[in-house]
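Remember, it's a predicted structure, so these values are computed and weren't measured experimentally. In the text below, chain A, chain B and the rest are named by the order of the sequence lines, each starting its count at 1.
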Protein chains: 2
Amino acid sequence: MTVVGRRERKKLATRAALRETALRLALRHGVEHVTVEQIAAETDIAVRTFFNYFSSKEEAMVAAVAAEADALIGEFRGRPRDEPVLRALREAVAHVMAVSDTEALRLIVRAPSLLPQRLAVYATREKALAEAIADRLGLSPDDLYPAVCAATALTAMRVVLERWLDQPADHAALREQTEEVIGLLAAGLERRLP
Amino acid sequence: MTVVGRRERKKLATRAALRETALRLALRHGVEHVTVEQIAAETDIAVRTFFNYFSSKEEAMVAAVAAEADALIGEFRGRPRDEPVLRALREAVAHVMAVSDTEALRLIVRAPSLLPQRLAVYATREKALAEAIADRLGLSPDDLYPAVCAATALTAMRVVLERWLDQPADHAALREQTEEVIGLLAAGLERRLP
DNA sequence: ATGCATCGATGCATACTGTGCAAGTTGACT
DNA sequence: AGTCAACTTGCACAGTATGCATCGATGCAT
């Protein structure tokens with residue numbers, strides 16, 4: 001196991017505390033009205049130190065999304081090896097979303113000022129997911145398929161999530177819509193006028 | 001036709017001038033070393049006025065990408081109605097990229113600090129593309145298929161473009177790789193361990 | 001052409017963001 | 001205990017971004 005010293009534990013704790021404070025303040029006052037100074041003060045941390053952890057207030061706020069994306073990749077890697085890629089992804093999403101904080105997620109997804117940073121988070125996770133897919137299939141991470149599959153699948157999940165957050169929270173509906181989208185990707189996206 | 005007065009023409013000219021100056025300075029000095037003050041001065045515009053056109057220096061720099069995305073959607077809408085969606089997209093991409101400034105594009109795509117804004121541009125164009133797809137197929141823009149198809153196809157194009165920009169400019173290769181990706185999406189993305 | 005209403009450009013003030021640097025603390029390891 | 005490396009902090013400073021008031025240019029009706 002990875003033996004973590006006090007130092008690393010404190011760092012993780014500080015990072016988590018900043019992330020939670022940022023989100024809490026955003027929920028209370030609205031994303032736009034929270035400043036780094038407030039986040040730092042509320043966490044009892046110097047402003048300068050905040051910037052040692054996050055390069056912007058937006059990054060701190062979408063850190064929750066980043067954590068969920070990491071969890072998704074972890075779940076995916078834990079799926080049985082003989083399971084097809086898209087099905088494994090579908091199940092991974094279901095497991096992660098089951099324990100997700102819908103209220104916070106809705107706040108983050110609906111804030112226009114967080115859109116660029118949120119998308120950047122997904123984009124960086126694309127790489128990790130592509131590697132996981134390549135591992136699963138015994139391909140090279142440089143192949144086209146893992147890259148495209150990771151990127152498009154994540155994007156499809158994002159679309160589903162955004163649509164789902166616009167309706168009353170219903171986890172059964174989310175599962176259903178996830179399956180529908182995965183079905184689309186699996187069956188092929190080509191269409192023409194009937 | 002839309003009759004544009006002198007006022008609107010000047011606005012468009014100013015916006016284009018700012019966009020071009022931003023890009024030119026970025027090419028000369030590097031994205032990170034360009035300030036709004038420089039862009040404004042070089043365009044002979046007040047700094048305050050710059051912010052009437054773009055909400056950040058990053059937005060001005062990725063404006064070229066936004067213009068290309070708009071052109072892509074225009075080409076797509078101009079394709080024959082009986083053409084399948086993905087094939088129409090493939091052809092639209094080919095036409096837009098044929099007249100694209102590869103050097104500028106490479107600069108924008110490779111700059112990490114522009115990633116969030118660039119992705120935000122794609123995301124906003126997703127909506128327009130989804131509408132165009134819905135129009136083509138006679139579906140509602142609220143249907144799942146247009147939203148997912150627009151989002152995933154744009155994402156797939158992005159992946160291809162990013163990979164292509166990492167190799168020497170060769171438009172034949174780009175066309176080939178575009179076709180390959182569209183083929184993937186058309187055939188379905190599901191895969192499993194052999 | 002004149003006069004009026006609107007829109008856009010600008011300067012100013014101000015709050016906030018983000019980073020380099022140097023000094024002080026704390027943790028890890030011997 | 002002592003030493004080194006890593007982390008925190010304060011300070012200075014450049015740059016970003018917005019509200020507000022003002023001034024000039026444009027569009028339009030008469």
Side-chain angles (χ1 to χ4, degrees), chain A residues 1-19 21-23 25-26 28-63 111-118 120-121, chain B residues 1-23 25-26 28-63 111-118 120:
Chain A
M1 302 305 279
T2 319
V3 178
V4 287
R6 190 199 317 262
R7 192 166 240 162
E8 195 160 350
R9 259 181 291 127
K10 280 195 175 180
K11 259 175 64 176
L12 289 177
T14 301
R15 168 170 281 265
L18 285 173
R19 167 161 66 85
T21 304
L23 217 47
L25 289 178
R28 193 187 313 159
H29 302 121
V31 169
E32 308 290 345
H33 299 92
V34 179
T35 68
V36 173
E37 194 176 338
Q38 283 173 26
I39 301 172
E42 190 95 358
T43 321
D44 199 21
I45 286 289
V47 172
R48 185 64 185 82
T49 305
F50 172 91
F51 286 108
N52 288 343
Y53 284 89
F54 299 102
S55 64
S56 70
K57 142 186 95 179
E58 287 78 14
E59 195 178 309
M61 287 178 179
V62 300
S113 66
L114 298 184
L115 178 68
Q117 294 293 333
R118 177 165 63 94
V121 164
Chain B
M1 301 303 280
T2 318
V3 180
V4 286
R6 188 197 318 266
R7 199 168 235 163
E8 195 161 350
R9 258 181 291 127
K10 282 196 174 180
K11 260 175 61 176
L12 289 177
T14 301
R15 168 171 279 264
L18 286 173
R19 167 159 66 86
E20 281 160 24
T21 304
L23 217 46
L25 290 178
R28 194 187 311 160
H29 301 122
V31 169
E32 308 291 344
H33 298 93
V34 179
T35 68
V36 172
E37 194 175 339
Q38 283 173 25
I39 301 172
E42 190 94 357
T43 319
D44 199 23
I45 286 290
V47 172
R48 185 62 184 86
T49 305
F50 173 92
F51 286 107
N52 288 343
Y53 284 88
F54 299 102
S55 64
S56 70
K57 141 186 95 174
E58 287 78 14
E59 194 177 310
M61 288 178 177
V62 300
S113 67
L114 298 184
L115 178 68
Q117 295 291 332
R118 178 166 62 92

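For B:Thr49 (side chain) and B:Ile45 (main-chain N/O), no donor-acceptor pair under 3.5 Å exists by modelled atom type.
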At under 4.0 Å between heavy atoms, how does the protein contact nucleotides 24-30 of chain C? Give one character per nucleotide, 5' to 3', with B, S or -. --BBS--
Nucleotide-resolved protein contact map, nucleotides 10-20 of chain D, B/S/- at heavy-atom distance under 4.0 Å: BB---SSBBBB
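For A:Arg19, the salt bridge (charged side-chain N to carboxylate O under 4.0 Å, His left out) criterion is met by no residue, not counting sequence neighbours.
Here A:Met61 contributes atom CE and A:Phe54 contributes atom CZ; the two are 11.0 Å apart, rounded to the nearest 0.5 Å. Here the OG-CZ distance, from A:Ser56 to A:Phe50, works out to 7.0 Å after rounding to the nearest 0.5 Å. The distance from atom OG1 of A:Thr14 to atom CZ of A:Arg9, rounded to the nearest 0.5 Å, is 12.0 Å. In this structure, CG on A:Leu25 lies 6.5 Å from NE2 on A:His29, to the nearest 0.5 angstrom. Going from atom CD of A:Glu58 over to atom CG of A:Leu115 covers 11.5 Å, rounded to the nearest 0.5 Å.
Near DNA chain C, defined here as any heavy-atom distance below 4.0 Å, there are no residues from residues 12-22 of chain B.
One interatomic measurement links the two molecules: CG of A:Asn52 to P of D:dA6, which rounds to 14 Å at whole-angstrom precision. Atoms CD (A:Glu59) and P (C:dT17) sit 14 Å apart, rounded to a whole Å.
Open room surrounds CZ on B:Arg6; 12 or fewer heavy atoms of other groups in view lie less than 6.0 Å from it.
Note on the helix from C:dA1-D:dT30 to C:dT30-D:dA1: angle between the axes of the first and last five pairs equals 30°, rounded to 10 degrees.
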Verify side-chain contact (heavy atoms from CB on, under 4.5 Å) between A:Ile39 and A:Thr35, making sure each step is shown before the conclusion. CA-CA 7 Å; A:Ile39 301 172; A:Thr35 68; over 6 Å; no
Given the rule in the side-chain contact (heavy atoms from CB on, under 4.5 Å) test, do A:Lys11 and A:Tyr53 qualify, once you have shown the distances and angles that lead to the verdict? CA-CA 9 Å; A:Lys11 259 175 64 176; A:Tyr53 284 89; 3.4 Å; yes
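Counting heavy atoms from C-beta outward, A:Arg15 and A:Leu18 have side chains that stay 4.5 Å or more apart.
Defined by atom type and a distance below 3.5 Å, a donor-acceptor pair is present between the side-chain atoms of B:Ser113 and B:Glu32.
Identified under the salt bridge (charged side-chain N to carboxylate O under 4.0 Å, His left out) test for residues 39-54 of chain A, with sequence neighbours left out: A:Arg24-A:Glu42.
Between B:Tyr53 and C:dA9 there is a side-chain N or O to OP1 or OP2 distance below 4.0 Å.
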